[in-house]
Amino acid sequence: MPEGHTLHRLARRHQRLFGGALVAVGSPQGRFAAGAAAVDGRILARAEAYGKHLFHRYERDLVVHVHLGLYGTFTEGELPAPEPVGQVRMRMVGPTHFTDLRGATSCEVLSAAEVRALTDRLGPDPLRRRPDPERAWTRLHRSRVSIAALLMDQSVIAGIGNVYRAELLFRHYVDPYLPGRDLPRDTWEAMWADLVTLMRDGVRRGRIVTWPRQLSVPPGSRSRPGAARVAVYRRTGEPCPRCGTPVRTAELVARNLFWCPTCQPAPPP
Ligand SMILES: [Zn+2]
């Protein structure tokens, strides 16, 4: 699933291509026909993201809310736009470019008040201007729930997904099963600062890079040396880049968790 950096990157891109311009909005597939008709021919005032949500704000308080979910994607191109291919839920056409949305979990028109109600339920987003990490700490440090589950809870922090979660815990030597209330305050502060840096870097690059390195090739192996961008995410069984212990995986709240049992040990009882 796309994490927050992807949505913020999309918002910036849409702002650059369509912001302040009159746009034509349609739903070639038909599922968003009524919503598209409500904003078609209006000026897109601003595109912005909050966590994993994308908002296209139009004049007169109308907002198109998009949540990509697991399968949603935007594609784009220069005008003239070709005939839509496949299930295009929304097509937006601006002065120079068009973009097509397919496969999203949500694509709907909301009022500004409905958007506020939605964002009020989200935790601070490290990529927004002046996020309030204290709100996240208030939730974390009172909870018996594991830190790994809390980090994925969008009402605690908005925008983190499975990759940032695994990498952040690894970088700060935190046992994923540690209850939120046992996380030391200084560790949390370092994690938040690091998360802001990592996610901003993700927006710039368009990909998550938390632990770049060349992979070594075992002697005698014919495989070519590769490069890795993350430390533990989806690297089950491979040596931890810090200590060499095989990376472990387990399922937690229906998502796979990855960690190094040596670098992120459970605290003594
Ligand atoms: Zn390790």
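Keep in mind that the numbers below use all heavy atoms, side chains included, and drop hydrogens, waters and symmetry copies. Remember, predicted model here, so these are calculated numbers, not experimental data.
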| said: Quick check against the 3.5 Å criterion: does E167 have a side-chain atom that pairs as donor or acceptor with the backbone of A231? | reply: yes
| field | Joint cluster assignment, L195 & V203, ILVMFWY side-chain distance < 4.5 Å | value | yes
| Do the side-chain N and O atoms of R242 and T262 include a donor-acceptor pair separated by under 3.5 angstrom? | no
| message | Any side-chain to backbone donor/acceptor pair from R42 onto A38? Under 3.5 Å, distance only. | response | yes
| note | When every non-hydrogen atom of L198 is compared with those of V209, the smallest separation belongs to CD2-O, 4.1 Å
| said: Taking the six-membered ring for Trp, are H56 and F18 closer than 6.0 Å centroid to centroid? | reply: no
| request: Spell out, as yes or no, whether a donor-acceptor pair under 3.5 Å connects the side chain of Q15 to the backbone of A11. | output: no
| How about W211 and Y233: are their ring centres within less than 6.0 Å of each other? | no
| Between E3 and N162, is there a donor-acceptor pair closer than 3.5 Å when you use the side chain of the first and the backbone of the second? | yes
| query | Are L168 and W259 connected in the hydrophobic side-chain network, where two residues link if heavy atoms are under 4.5 Å apart? | reply | no
| query | Is a donor on one side and an acceptor on the other found under 3.5 Å between the side chain of R204 and the backbone of M199? | reply | no
| Does E134 pair with R185 as a salt bridge, N-O distance under 4.0 Å? | yes
| Pair H65-V115, side chain to side chain contact (heavy atoms under 4.5 Å, CB included): steps then yes or no | CA-CA 8 Å; H65 164 236; V115 170; 5.5 Å; no
| query | Under 3.5 Å, side chain of Q154 to main-chain N/O of I160, donor-acceptor pair present? | reply | yes
| query | What do you reckon, is CZ of R213 surrounded by more than 12 foreign heavy atoms closer than 6.0 Å? | reply | yes
| query | Is the side chain of R91 donor-acceptor paired with the backbone N or O of D100 at a distance under 3.5 Å, no angle test? | reply | no
| query | Side-chain contact, heavy-atom cut-off 4.5 Å: L10 with T99? | reply | no
| query | Any donor and acceptor pair, going by atom type alone, linking the side chain of S146 with main-chain N or O of P179 inside 3.5 Å? | reply | no
| request: Please examine the side chains of R9 and R205, heavy atoms only from C-beta on, and report whether any two atoms are closer than 4.5 Å. | output: no
| Does R248 reach the main-chain N or O of L257 with its side chain, forming a donor-acceptor pair under 3.5 Å? | no
| query | Looking only at atom types and distance, does a side-chain atom of R89 sit under 3.5 Å from a main-chain N or O of Q29, one as donor and one as acceptor? | reply | no
| What is the minimum heavy-atom distance between L54 and F74, and which atoms define it? | CD2-CE1, 3.6 Å
